[in-house]
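All remarks here apply to the structure that follows.
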Amino acid sequence: MADPKGFLNHDREVATARPVGERVQDWNEVYRPGALLPIISEQASRCMDCGIPFCHNGCPLGNLIPEWNDYAWRDDWSAASERLHATNNFPEFTGRLCPAPCEAACVLGINQQPVTIKNVEVTIIDKAWDSGDVTPQPPERLSGKTVAVIGSGPAGLAAAQQLTRAGHTVAVYERADRIGGLLRYGIPEFKMEKRHINRRIEQMRAEGTKFRTETEIGRDIDAKKLRKRYDAVVIAAGATTSRDLPVPGRELNGIHFAMEYLPLANKVQEGDLTVAPITAAGKHVVVIGGGDTGADCVGTAHRQGAASVTQLEIMPRPGEERSAGQPWPTFPMLYKVTSAHEEGGERLYSVSTTHFEGDEDGNVQWLHLTEVEFTDGKPAQKPGTERKIPAQLVTLAMGFTGTDRENGLVEQFGLELDARGNIARDAEFATNVPGVFVAGDAGRGQSLIVWAIAEGRSAARGVDRFLTGASALPAPIKPTDRALAV
């Protein structure tokens, strides 16, 4: 193990973010590059190299966390990078965006603060890029088989990279104008600068992966024709159908899905737009939904100069410590203060929107809400708690309900869906259509980035076996696997 007394001698410590007044004036990541390096070796030394490392179980990728913690403590960054990449294609993505279920499962976390696994991870990969340890890994020989991957989010990119390295000729189809899926246009720049995506794309191009942007399967190319063109297809189109809020006044101007609002802000950062067509500048903003996407809307509104920002959540405010119903090593629902929340705004819990009110021109001006209480798990309005708050821009960040059904992809392939509306698949991630596989949120439903990468890697094994009869590619999860729960 790294340091037998590390967890006794050092407390948990994370890097200090840039001052709020500074970072809301730009779109750079909230942490300065290299800010973690001075403290990361001590933090890695807190890893106890447990006999049964439950962090492996908390992480669907099965990351070899004690091993790269040990290398980081010893300043052997090349070895740490090799161990990190053994299970994760894109640790710079997960190290910035994953909520770290591995830390929730850390054995040290039973009675202390867990190891800063996520911070160690992102430090290792950033140093690997800086030192030139991340290089293209083209296959030694080609199989002669071709694969189309639909979608360039984390699941699609992971599947594509694995299959390319296995020797297959892979083309990734993306309906947007740039590769990256929600990583590109759903994640704000201040959470992950897009240069991290760009250099991975260049690595994948050097390995042989081909990319086709502005091409939507189902609309631009008939799905059946695509299937005939390739030996296998991987559908990694995500679960992009946003959950709506069907209350009176929903039709008013100024009420948008989060995924209508966030991509425009990112396009400004890409240089495509000077000013976002949907902006929070000078407006009272209400974000409906208390999750990570809602927090992304909050941080974006701050940087656009909102007059005020209020975030609504129908569920009660979580506690700050584990409850008896969420014991270690499960991932607990805790009160979380993200960098966006540190920057200001108000958060309201146990409230539900009843209707919107607009002006004479049809623009939203007020949001009417009421407090709720839960009985048998169902919310009920509390009489006498109705009130309204100013709302000139409303973003709906209440999650997603499944893959896009409007573009014709599901129907053209003839895919079967499961009871939750996701694309059904078997133990090999194969759909009911021979040669067509599904990975990521399109088959699992809305989930975390670390699950998406694990799905992409696992589906790649199923495709490789389908094409060649056998596969040495790793498959960290099964389609039926779920996060640790009681």
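Heavy-atom basis, side chains included; hydrogens, waters and symmetry copies ignored.
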Got [X] and [Y] here, is their nearest side-chain heavy-atom distance under 4.5 Å?
| X | Y | answer |
| --- | --- | --- |
| L157 | I179 | yes |
| Q392 | N363 | no |
| N432 | L415 | yes |
| F356 | P248 | no |
| Y261 | C297 | yes |
| I453 | Q161 | no |
| L182 | L262 | no |

| query | Does NZ or CZ of R457 fall inside the cone over F429's six-membered ring, less than 6.0 Å from its centre and within 45° of the axis? | reply |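 Because its charged atom misses either the 6.0 Å distance or the 45° angle limit, R457 does not stack over F429.
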
| field | Axial cation check for Y335 ring with R317, 6.0 Å and 45° limits | value |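 Yes, R317 sits over the ring of Y335.
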
| task | Give the ring-plane orientation class for Y230 versus Y173, where under 30° counts as parallel, over 60° as perpendicular and anything between as tilted. | result |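 Aromatic pair Y230/Y173 classed perpendicular.
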
Measure the [atom1]-[atom2] distance between [X] and [Y] for me, rounded to the nearest 0.5 Å.
| X | Y | atom1 | atom2 | answer |
| --- | --- | --- | --- | --- |
| I235 | L409 | CD1 | CG | 5.0 Å |
| I124 | N88 | CD1 | CG | 11.0 Å |
| T401 | D244 | OG1 | CG | 9.5 Å |

| query | Between T354 and E386, is a side-chain hydrogen bond (donor to acceptor under 3.5 Å, both in side chains) present by the stated rule, with each step listed? | reply | CA-CA 9 Å; T354 59; E386 299 84 359; over 6 Å; no

Check whether [X] reaches the backbone of [Y] with its side chain - one donor and one acceptor, N or O, closer than 3.5 Å.
| X | Y | answer |
| --- | --- | --- |
| H302 | G344 | yes |
| R303 | G299 | yes |
| Q326 | S323 | no |
| R18 | N28 | yes |
| D464 | S471 | no |
| T164 | G208 | no |
| R347 | Q311 | no |
| S458 | G456 | no |
| E214 | D177 | no |
| K118 | C98 | yes |

| Only one of R184, Q203, R178 clears side chain to side chain donor-acceptor pair (under 3.5 Å) with N198; which? |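 Checked R184, Q203, R178 against N198; only one passes side chain to side chain donor-acceptor pair (under 3.5 Å): R184.
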
Taking 4.0 angstrom as the limit, do [X] and [Y] come out as a salt bridge?
| X | Y | value |
| --- | --- | --- |
| R165 | E207 | yes |
| E92 | R200 | yes |
| E202 | R199 | no |
| E270 | K194 | no |
| D220 | R175 | no |

Is it true that atom [atom1] of [X] has more than 12 heavy atoms of other residues, nucleotides or ligands lying nearer than 6.0 Å?
| X | atom1 | value |
| --- | --- | --- |
| R387 | CZ | no |
| K478 | NZ | no |
| E251 | CD | yes |
| R420 | CZ | no |

| message | Can you tell me which residue among E29, E189, E343 is in a salt bridge (Lys or Arg N to Asp or Glu O under 4.0 Å) with R23? | response |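 Output: one option passes, namely E343.
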
Give the minimum heavy-atom separation between [X] and [Y], together with the two atoms involved.
| X | Y | value |
| --- | --- | --- |
| S447 | D441 | N-OD1, 3.4 Å |
| G58 | A105 | CA-CB, 3.9 Å |
| V285 | A306 | CG2-CB, 3.8 Å |
| A301 | V309 | CB-CG2, 3.9 Å |
| A397 | V287 | CB-CG1, 4.4 Å |
| L252 | G358 | CD1-N, 3.5 Å |

| query | Would you say the side chains of E371 and T385 form a donor-acceptor pair under 3.5 Å? | reply |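 Distance-only check fails for E371 and T385.
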
| Pair listing, side-chain hydrogen bond (donor to acceptor under 3.5 Å, both in side chains) test, anchored in residues 274-285, at least two apart |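 Passing the test, one end in residues 274-285: H284-S308.
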
| said: Could you go through S352 and T370, starting from their C-alpha distance and side-chain angles, then the distance that decides it, and tell me whether this counts as side-chain hydrogen bond (donor to acceptor under 3.5 Å, both in side chains)? | reply: CA-CA 5 Å; S352 178; T370 180; over 6 Å; no

